[in-house]
Each structure stands twice: as structure tokens, then as C-alpha cells.
Amino acid sequence: MEIQNIAANLSNIKLDQFQIEQILDMVEEYIEANETASTPIIEHCPKCPEKHPKMIKAGHTKSGKQMYRCKSCNKRFVADTGQLTFYSYQSLSKWKVVLKDTLNGLALRETALKIGVHYVTVFRMRHKLLHFIEMILANDSVGDIAEIDEKYILASHKGTKLEGVDPRKHGSIAPKPGITDILVCIMTVVSRGGNTFIHTYNTGRPTDVNGYEFCQHIDKESYCFTDGINIYDWSLKKRNCGVKHLKLDEYTKTDHLNTVNGLHSFIESEIIYYRNISTKYINRYNSLFMIQYNFRKLNISEKVTKLLGMLRQHQQYFYIRQLSKESIFKFSNSIFDL
């Protein structure tokens, strides 16, 4: 339906002109977002180094995907080369279901029943999606007024049987008090404006090196609040950032860590929602938490549309079989002997 027809129908409803204009603006934004999400973006020919190549349509694959021919090298390639659906037998509609169910935290078997594939296939599709998101957000940064803190969760070997290690029930507590290697350190920074960066570098307490690496994701000349830990100080000063350490009894209306503490509660609820997370995949899920937190004010349809638009603008060349070895958080299984 054209915008003019929608406007004509709205004029028959008891709405004033301002409300009609607001609705039409939203419709145009949704149409533009859908076009962005469905239009292939080909920055360069995958067969030759030609940037923004001149192309012509050149048939379809057996699965029905559009193919193009580069006029520079005269070779053909699939329209979704480097995209989420590249080298996949599953249709875009099925990928959208996986994306939506991942954002909703549905179990793999439920999604598998919806799209008619094995749950292992859904597992691989989900992790390809998470790896894409992780690569897109890898260089994100947070600025302005920011709060920095660490969130600790129990390490998990979910999905992997370890000899001599008993499975852990949900809600278990650490076998030893204090911050030990059985705890995974999730480093977090969130701006008062709402954007966040989340990453895990190690188990146990973070080191000065971890602090330096993490501070590369904080914009220069920002102002940061943190607790008593001082691993960020040197790096923040090098980036011309102000830093203030706070104790709980020193909180004021402006000087506090309430925003980052709210983020930690959000992460904890998400981990419960996903029925715990295997530690080796922690950074993939950290990226998902960033998306969920940054998009928290959007409904699920808006989240899916916006995320599809982001995925379309980035090209990643890897195969699903690589996901079991690449982008894995490495740690020693001996931590479970505690």
C-alpha cells in the first residue's frame, strides 16, 4: 500500500494532522529499514580486489539465490557473499526466525520445531549469528560520562562432559569464597546515554593488561566513575579521561555506579533467561547482551529489523564449521577441580 493510500485511510479516522504525520513518518522509517535489511551490500568483488564493482545479474543457484557477474573479472558470485546466509542451505525467512528466537531466548529445540530442522543445525545457525554480532561490535566504544565495573559469574562447562567433574545445578554458588579462577570476570562500561561495551578477558581478578585493553573501548576525553579497583587509571589518563573512584557511601545524584549496576542485573537476568551459558562462548553472548541492552527500548520487530540492517552492512568470510575453534574464550578446565 502506498503512503498516499495510508494517508487517505488515516484521514477517515479521528486523528489530527500532527498525529497522522507522526504515523506516516514511522511507516516511512519502517519501509526504509526493511529495504536496508533486504538489499545486498557488495563493497567489493569477492573474486577480485575491485571495490564497488560494476555487476550484472547472472542467474540463480540451485537454492534460488541471486548470482551476479563482476564486469572486471567476469566471474560470478552469490548475492549474499559474506552475509549471514552465505554458504547456508537455510532460507532468509528461517534465519529471521533464528534471529528472533535468539533475541527472545527460546530454546534451540523450540526453534528447530518451528523451521523444521535438527536442533544441532539451529545451534550452528545461532552461533554463526552470535559470531557475526561479535565481529560487528568488536571495535565499539563508549564515551561521554561512563561507569566501569566488573561482573563475576561462575564458570560453566555446559554442553561438555568433564571426567571427574559433577554437573552443576542452576543457581549454584562458588565452592570457595572470594574472587577465584572459578569465577569469570565480565568487564563492563556503560555511558549515562545508554550505550555499553562488555567483554571477558580472563577468569578471576582482571589484570593491568586487561584494564589497558578494555580502556581502548572508552572514548578519549570521557569522564569515568569506577569503584576501588585501579587497573584502569593509567590507561584512562593516557586517553585524557577523568576518573573518580567511588565507595557506596559516597554516592550522590550525579556521582554513582547505579547505571552499571543496573547493567549487571540485566546481564544476570539474561544468563538465567538463556539457562546458563558455556564459558567458552561467553564473548559471543556478551555481544548479544550489548545488542539486547542497547535495543532494550525497542519491541521485538524493531530489534529484528535494526539488527538485520546492521548485519547487511558487514561482510564476514567464515564457515559454520570454523565456529567450534575460532572466537572461543580459552581457559583451563582445571578450574573446575576447586
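Atom set for the values below is all heavy atoms of this structure, side chains included, hydrogens, waters and symmetry mates excluded.
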_Sequence-distant partners of Phe289, ring pair (Phe, Tyr, Trp, His ring centres under 6.0 Å), two or more places apart_ = none
*Would you check if Lys94 and Val98 make a side-chain contact, meaning some heavy-atom pair closer than 4.5 Å?*
no
*Would you say the ring centroid of Tyr223 lies under 6.0 angstrom from that of Phe225?*
yes
*Between Thr188 and Ile267, is any pair of side-chain heavy atoms under 4.5 Å apart?*
yes
*asked:* Looking at Tyr212, I want to see if its OH is surrounded by more than 12 non-hydrogen atoms of other residues, nucleotides or ligands under 6.0 Å.
replied: no
*Name the orientation class of the two ring planes belonging to Tyr285 and His127 (parallel below 30°, tilted from 30 to 60°, perpendicular beyond 60°).*
perpendicular
*Compare all side-chain heavy atoms of Gln66 with those of Val78 and state whether any distance is below 4.5 angstrom.*
no
*Quick one: are the ring centres of His199 and Tyr201 less than 6.0 Å apart?*
yes
*Going by heavy atoms in the side chains, are Thr200 and Met187 under 4.5 Å from each other?*
no
_Spacing of Leu288 atom CG and Leu129 atom CG [to the nearest 0.5 Å]_ = 7.5 Å
_Cys224: which of Val189, Asp144, Ile218 passes side chain to side chain contact (heavy atoms under 4.5 Å, CB included)_ = Ile218
*Kindly indicate whether the side chain of Asn210, heavy atoms from C-beta on, has any atom under 4.5 Å from the side chain of Glu213.*
yes
*Are His131 and Arg284 linked by a side-chain donor-acceptor pair shorter than 3.5 Å?*
no
*From Thr196, Thr259, Asn261, residue fulfilling side-chain hydrogen bond (donor to acceptor under 3.5 Å, both in side chains) relative to Glu147*: Thr259
*Just wondering, do Tyr293 and Val190 contact through their side chains at under 4.5 Å, heavy atoms?*
yes
*Is it true that Leu130 and Phe123 fall in one hydrophobic cluster, defined by side-chain heavy atoms closer than 4.5 Å?*
yes
*asked:* Within the structure provided, determine whether Arg109 and Val122 are in side-chain contact (heavy-atom separation under 4.5 Å).
replied: no
*Do NZ/NE/NH1/NH2 and the carboxylate oxygens of Glu268 and Lys151 come within less than 4.0 Å?*
yes
Using atom types as modelled, flag every donor-acceptor pair under 3.5 Å from a side chain in residues 241-248 to any protein atom, sequence neighbours excluded.
residue	atom	partner	partner atom	Å
Lys244	NZ	Asp255	OD2	2.6
His245	ND1	Asp227	O	2.6
His245	ND1	Ile229	O	3.4
His245	NE2	Asp233	OD1	3.0
His245	NE2	Asp233	OD2	3.0

*Does Ser191 use its side chain to pair, donor to acceptor, with the backbone of Gly194 at less than 3.5 Å?*
yes
*Heavy-atom side-chain proximity of Val142 to Asp219 below 4.5 angstrom*: no
*asked:* According to ring pair (Phe, Tyr, Trp, His ring centres under 6.0 Å), who are the partners of Tyr152, at least two apart in sequence or on a separate chain?
replied: none
